[in-house]
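To start, the structure itself, in structure tokens.
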Amino acid sequence: MSCFAGRRGLLLPSRLPEVVPIVLKALAFDEKRANLPVGAVIRDSACYVCWAFARAFDKDVLEPYINSIASALVVVTVFDREINCRRAASAAFQENVGRQGAFPHGLDIITTADFFSVGIRHNAFLEISVQIAQFEEYTLPLIDHLLQKKVDHWDISIRELAAKALHKLTPLAPEYMAKIVIPELLRLTSSIDLHSRHGSITAVGEVLAGFSKCPQEKEMTKLLDDATLTEIRDLVTQIGKRHQFQGMGGDLMRQAVLSFIKNASIAKMPFHKHTQTLEDWQKVMIDSMKQVDPQTRTRSVEALPAFCEHFCKDLEGKILPRQSTLITILLEALSNIQAETTRMGFCKAVGALPRFMFEGVSASVIHTLAKCSEITAETTKWTESRRDALLALSAVCATAGTTPSAQGDESWWYPNQSAIVFHRFIDGLNDYTRDSRGDVGAWVREASMSGLQSTVQLALISKPCVLTEELMTTVVGMVARNAVERIDRTRKHAGKVFSNLLYSHPTNNKIPCLESLLQIFTLEICREINWSAEVQTFPLFTRMLALPPYTSHILMGLVASVGGLTESLVKHSSSALFEYLSQQSREELARISQCILNIFEEHQGQNRITEPLMRFLDRLFCSRVLVEQDGTLPVDFAINLVKLVSKETARCSSVPKYLAAIPVLCQVAAIRAEKKASDTALSYLAIYLCHNYPRVRGFTAEQMYEAIMVAQDDGFADLSPEVVLGLLSETDWTYGKISDLQPIRNDICDKLQIPKPKRVQKKTT
Ligand SMILES: *[C@@H]1O[C@H](CO)[C@@H](O)[C@H](O)[C@H]1NC(C)=O
Ligand SMILES: *[C@@H]1O[C@H](CO)[C@@H](O)[C@H](O)[C@H]1NC(C)=O
Ligand SMILES: CC(=O)N[C@H]1CO[C@H](CO)[C@@H](O)[C@@H]1O
């Protein structure tokens with residue numbers, strides 16, 4: 001088809017009866033060839049031809065075709081998949097209105113469907129279409145186009161938009177929907193084509209829900225005949241009988257059916273008495289929660305609350321036995337250990353339920369979700385289901401709200417339950433599970449923080465007595481700890497939760513040191529701060545070290561970031577910490593350093609903590625903030641530290657751990673003012689010089705060399721440091737034979753005046 005022919009008037013008016021139908025067909029042409037959409041170019045050209053018609057022909061020539069061209073252009077303007085086609089159609093329509101004038105409601109439509117407003121597909125499909133459909137010339141053409149061309153479109157998002165558009169158009173033509181559209185859609189639900197089935201099932205639900213927006217005399221039950229209602233009722237059962245929930249298209253069919261169930265529930269379909277139907281619906285929802293495809297599970301979680309709201313109560317609002325059957329099924333599914341995705345589905349489902357579903361079983365709901373959030377032997381790596389269990393727990397508490405239910409059910413407010421809830425969240429804050437994706441426990445920690453924020457707030461409003469000072473110390477401390485840890489996203493989340501906890505309404509007086517915290521984190525700071533910028537947050541949280549209830553929490557976080565391996569994080573966190581420590585009194589430093597030792601002792605043997613902790617200590621020594629004027633350290637710090645480090649490496653087979661421990665021992669060895677500790681450290685190092693692992697021997701020699709080199713004038717001066725340095729540097733510690741190395745090592749011990757290691761290291765062959 002030549003566009004220019006029309007424009008230059010080469011096309012004779014007598015040919016129009018043949019040409020117009022072709023143009024109209026081209027405007028609706030939308031297909032896929034070899035998996036590529038091919039229609040857009042053709043539709044775009046057809047719009048151009050219509051534009052050219054407006055310029056080429058006189059009014060009276062085009063007159064007989066005006067209505068069909070106008071409808072076809074309007075359809076493309078609002079319902080085309082492509083932005084350029086929608087815009088081209090809008091331009092062609094405008095040209096026709098300008099030149100021909102006779103387009104029905106032309107001016108109104110030009111103002112609604114202009115170049116910009118049709119740019120956003122969602123807007124064109126769901127807003128502009130409805131406005132244009134108010135004009136009755138266009139109502140049915142728009143609906144028919146959706147029914148014929150879009151409900152079975154190859155693009156799923158177009159099918160879903162088409163269904164939503166039909167929903168919105170229903171109040172404009174309820175009879176047509178009931179008599180023509182629904183029967184045709186029902187016919188398509190048994191089509192052999194998967195797209196048709198998916199689109200039509202989705203659309204039936206949307207149209208049914210659309211009837212609820214119609215005036216009373218146009219109620220669905222008055223418009224739909226019994227046969228149609230029966231067909232709608234049996235829809236899901238039929239699909240099940242045809243085994244269409246299985247196999248390739250299974251997920252797509254489930255998604256369509258779940259959307260249908262949701263909308264049919266919203267539409268208040270009168271199916272209460274049809275037990276079999278409702279059981280089939282329930283079964284699809286339950287089965288869908290077990291699917292691996294996340295979209296299917298999500299759809300199921302969305303459908304369930306609407307279903308419960310309508311079908312677990314009778315028309316007067318009385319709770320039906322179905323409520324307890326259904327919740328029991330859900331809780332049982334949660335108690336089984338099947339697959340992580342299954343558990344995720346059911347957690348989300350329970351979290352989304354309306355309150356009356358918990359009536360009489362709220363304690364078991366809390367207990368079951370609490371169990372799902374625990375780490376057990378079989379579910380160590382199930383971080384995502386733990387996260388979802390905690391989010392569900394928090395949702396259930398929020399749904400239960402702050403007042404007892406009509407039936408007097410206080411759910412999680414019973415003293416036992418609230419203790420369990422808080423305990424689960426706090427436990428979740430300790431989830432540092434790792435897998436190949438890294439620190440996946442962070443998801444659990446983030447969910448716990450959100451849960452704490454919302455449940456603490458609920459408690460503040462109605463049962464402040466459940467918030468003890470002890471609880472709030474842990475909550476605030478652990479959240480602050482997460483605000484100074486390694487992952488940016490988690491720090492940001494923690495920062496926000498932290499400031500919300502401080503600035504709650506009503507004020508939470510159970511937070512220890514609230515006054516001091518508010519002085520550090522002023523309202524202005526909390527408003528302006530960028531919680532993901534280390535350079536802003538670390539100096540603030542570091543100041544919390546001064547508040548005894550929080551010292552060890554903050555230290556735990558700082559150990560992870562100062563002792564970490566991310567360069568910028570190490571830089572900002574250590575500069576904040578060392579700057580802060582350099583301003584502290586001797587007593588305060590003693591308190592903080594004791595706190596560090598306590599952390600070390602409590603986590604002895606836990607590599608996740610102790611390895612960063614030893615790197616942290618190395619960096620702390622390098623900063624020299626702990627060293628007093630006279631060269632000493634806080635009382636007993638050095639000697640206790642050496643003990644802890646040696647215990648940590650005793651019988652250890654992890655080279656990285658030695659690599660973290662040896663620098664710390666060397667740091668202590670170099671502080672000769674602490675002679676006892678220094679000598680002890682040296683004697684451990686002497687053992688490592690002849691260690692079975694070559695890497696450990698070589699690394700020890702290097703590090704000792706540096707330590708003695710740096711401190712040779714103060715402390716080592718009378719121990720002939722040059723000789724020791726010579727022995728350390730000229731011996732091949734890594735590749736030498738241990739039996740050759742031992743005499744040299746013993747020589748070094750003599751020079752340093754420390755006892756020679758007595759027991760020769762056992763050889764492990
Ligand atoms: C609630 O806690 C008390 C003790 O604090 C215990 O004796 C009781 O069994 C608990 N009840 C439930 C339902 O867990
Ligand atoms: C906040 O800080 C992060 C990290 O420094 C930065 O990437 C981000 O752009 C900042 N955001 C704003 C809004 O300044
Ligand atoms: C009117 C209405 O609520 N329609 C819903 C039908 O179901 C789909 C899929 O769940 C929802 O997106 C619609 O909002």
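Start at 1 and go down the list; that is how both ligands and their atoms are numbered.
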Tell me, do S288 and R254 make a side-chain contact under 4.5 Å, heavy atoms counted? yes
State yes or no: are the ring centers of F311 and W281 separated by less than 6.0 Å? yes
Could you list which atoms of ligand 3 come closer than 4.0 Å to a heavy atom of N263? 1 (C), 2 (C), 3 (O), 4 (N), 5 (C), 6 (C), 7 (O), 8 (C), 13 (C)
of all protein heavy atoms, closest to atom 13 (C) of ligand 3 is E206 OE2, 3.5 Å
Heavy-atom nearest neighbour in the protein, as seen from atom 1 (C) of ligand 2, with distance rounded to 0.1 Å: N530 ND2, 1.4 Å
Considering the heavy atoms of E302, write down every atom of ligand 3 situated less than 4.0 Å from one of them. 10 (O)
Numbered atoms and elements of ligand 3 in range of S259, under 4.0 angstrom, heavy atoms: 7 (O), 8 (C), 9 (C)
Closest heavy-atom approach to atom 1 (C) of ligand 3 among K168, H167, Q255, R299 is made by H167
Do the numbers put K313 on top of the ring of F356, so that NZ or CZ is under 6.0 Å from the six-membered ring centre and no more than 45° off the axis? yes
Do L194 and Q244 come close enough that some side-chain heavy atom pair is under 4.5 Å? no
Do me a favour and list the nearest non-hydrogen protein atom to atom 4 (C) of ligand 2 with residue, atom name and distance? S532 O, 3.6 Å
Pair H167, K213: side-chain N/O donor-acceptor within cut-off below 3.5 Å: yes
Can you spot which of T383, N482, D431 makes a side chain to side chain donor-acceptor pair (under 3.5 Å) with R445? N482
In terms of residue, atom name and distance, what is the protein heavy atom nearest to atom 11 (C) of ligand 3? K262 NZ, 3.8 Å
Side chain, backbone, both or neither: I266 near ligand 3, heavy atoms under 4.0 Å: side chain
Quick one: does atom 14 (O) of ligand 2 have a protein heavy atom under 4.0 Å from it? yes
Please check atom 11 (N) of ligand 2 for a protein heavy-atom neighbour under 4.0 Å. yes
I'd like to know whether ligand 3 has K164 as a neighbour, heavy-atom separation below 4.0 Å. yes
Whether over 12 other heavy atoms sit under 6.0 Å from K222 NZ: yes
Should the pair R543 and F521 be classed as cation-pi, given the thresholds of under 6.0 Å to the six-membered ring centre and 45° from the axis? no
